[in-house]
Amino acid sequence: MSVGVRPQVVRDLPLVAVAVVWGSSFLVVKRVAEPETVVAVLALRFGVVLPVLGVVAWRRLRGLSLAQWGGGAVLGVVLGAVFLLETYGAVHTSATNAGLVISLTMVFTPLAEAVLRRSAPSGAFLAAAGLSVLGVALLTGDGGLRAPSAGDLLVLGAAVARTVNVLATARLRAVRGVDALALTWVQLAFATLVFVSAAPFAGPSPLSVAASFDAARWGLLLYLSLLCTLFAFFVQLWAVRATSPSRVSLLLGTEPLWAALCGVLLAGDRPGPLALLGAVAVLAGTEWGRRRAPRWPAGS
């Protein structure tokens with residue numbers, strides 16, 4: 001049956017699956033990585049994906065110009081910073097907090113874009129952004145009883161870095177019109193180079209960490225590599241052609257909901273009443289903000 005005649009729910013299921021695995025990734029990271037092995041785990045996670053993706057992208061990679069390789073390299077370094085902040089943050093805070101704080105990217109990005117364009121966002125969007133930030137304050141401060149943890153702040157930094165990555169991808173002239181598959185491989189390759197270069201200064205080597213893994217940890221690492229990275233990428237490529245960008249955004253935007261569910265149901269996170277109110281405010285604010293975010297023509 002062709003994509004055009006499949007029921008909408010069938011087309012939506014892969015995107016929902018991506019949102020679920022992304023939401024669960026914070027809990028998986030906590031179980032596969034420790035503070036001293038974060039960089040090594042990231043090198044292994046991306047190292048598993050690169051050869052598989054490289055086989056598929058080989059012909060397209062050969063068509064890239066030097067400028068396009070350079071643009072992809074810049075984005076790869078930014079992507080490496082995103083994963084370093086996000087993963088270090090995830091191992092130092094709860095899975096629930098990590099999944100909800102990172103969702104602030106959905107309001108940070110339109111705000112940053114509005115600043116760059118010198119265009120004021122709507123009052124409704126600003127209200128949604130304010131609700132999200134208030135929610136994070138309640139969530140990470142346990143209802144205002146303590147300061148946010150170092151892990152919470154690192155994940156907040158990752159949300160800012162994600163915003164930089166999104167804006168750079170959209171505005172960097174060298175990568176405009178570049179094949180998505182080839183560009184993704186270049187980004188992942190240079191992010192991996194960041195992790196491999198940092199590994200000697202940040203704990204045990206990737207090879208020694210790989211040798212120390214038992215079957216359970218290898219299973220979790222492959223989950224991060226094959227499902228949270230490779231599967232998610234290919235589903236997004238397919239979804240862009242099979243459905244509308246707004247629907248893709250809507251379904252992938254449920255990631256923080258799944259992160260919160262995994263944290264509560266599987267990790268045993270037990271936020272207090274005010275922190276729980278903060279979690280609800282983050283979910284409501286980011287979803288409201290995503291729906292009210294200004295829309296600009298692509299590439300403008």
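Treat the numbers as computed from the prediction; the structure is a model and nothing was measured.
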Check side chain to side chain donor-acceptor pair (under 3.5 Å) between S132 and all other residues, then give those that pass, not counting sequence neighbours.
-> none

Residues in side chain to side chain donor-acceptor pair (under 3.5 Å) with S94, at least two apart?
-> N97

Among the clusters formed by ILVMFWY side chains lying less than 4.5 Å apart, do L222 and F234 turn up in the same one?
-> yes

With sequence neighbours left out, write down each residue that passes side chain to side chain donor-acceptor pair (under 3.5 Å) with D269, or none if nothing qualifies.
-> T96

How would you list, by chain and number, every residue that makes a ring-ring contact (aromatic ring centres under 6.0 Å, His included) with Y88, sequence neighbours excluded?
-> none

Please identify each residue that fulfils side chain to side chain donor-acceptor pair (under 3.5 Å) with S212, with sequence neighbours left out.
-> none

Sequence neighbours excluded, every pair satisfying salt bridge (Lys or Arg N to Asp or Glu O under 4.0 Å) that has a member inside residues 13-28 = none

Pairwise salt bridge (Lys or Arg N to Asp or Glu O under 4.0 Å) hits with a residue in residues 13-22, at least two apart = none

Reported CG-to-CG distance for the pair L261 and L266, which is rounded to 0.5 angstrom = 9.0 Å

Give every residue pair that meets the salt bridge (Lys or Arg N to Asp or Glu O under 4.0 Å) criterion with at least one member in residues 214-238, sequence neighbours excluded.
-> E34-R217

How would you list all residue pairs meeting salt bridge (Lys or Arg N to Asp or Glu O under 4.0 Å) that involve residues 45-58, not counting sequence neighbours?
-> none

Name all pairs fulfilling the ring pair (Phe, Tyr, Trp, His ring centres under 6.0 Å) condition that reach into residues 32-52, sequence neighbours left out, sorted by first residue then second.
-> F46-F83, F46-F195

Show every donor-acceptor pair shorter than 3.5 Å between a side-chain atom in residues 270-282 and any protein atom, with sequence neighbours excluded, or say none if there are none.
unit_1, atom_1, unit_2, atom_2, d
R270, NH1, V264, O, 2.9

In terms of side-chain heavy atoms, does Y223 have a donor or acceptor partner in S25 at a distance below 3.5 Å?
-> no

Going by atom type alone, with no hydrogens or angles, which donor-acceptor pairs under 3.5 Å involve a side-chain atom of residues 181-190 and a protein atom two or more places apart or on another chain?
unit_1, atom_1, unit_2, atom_2, d
T184, OG1, A180, O, 2.8
W185, NE1, L50, O, 3.0

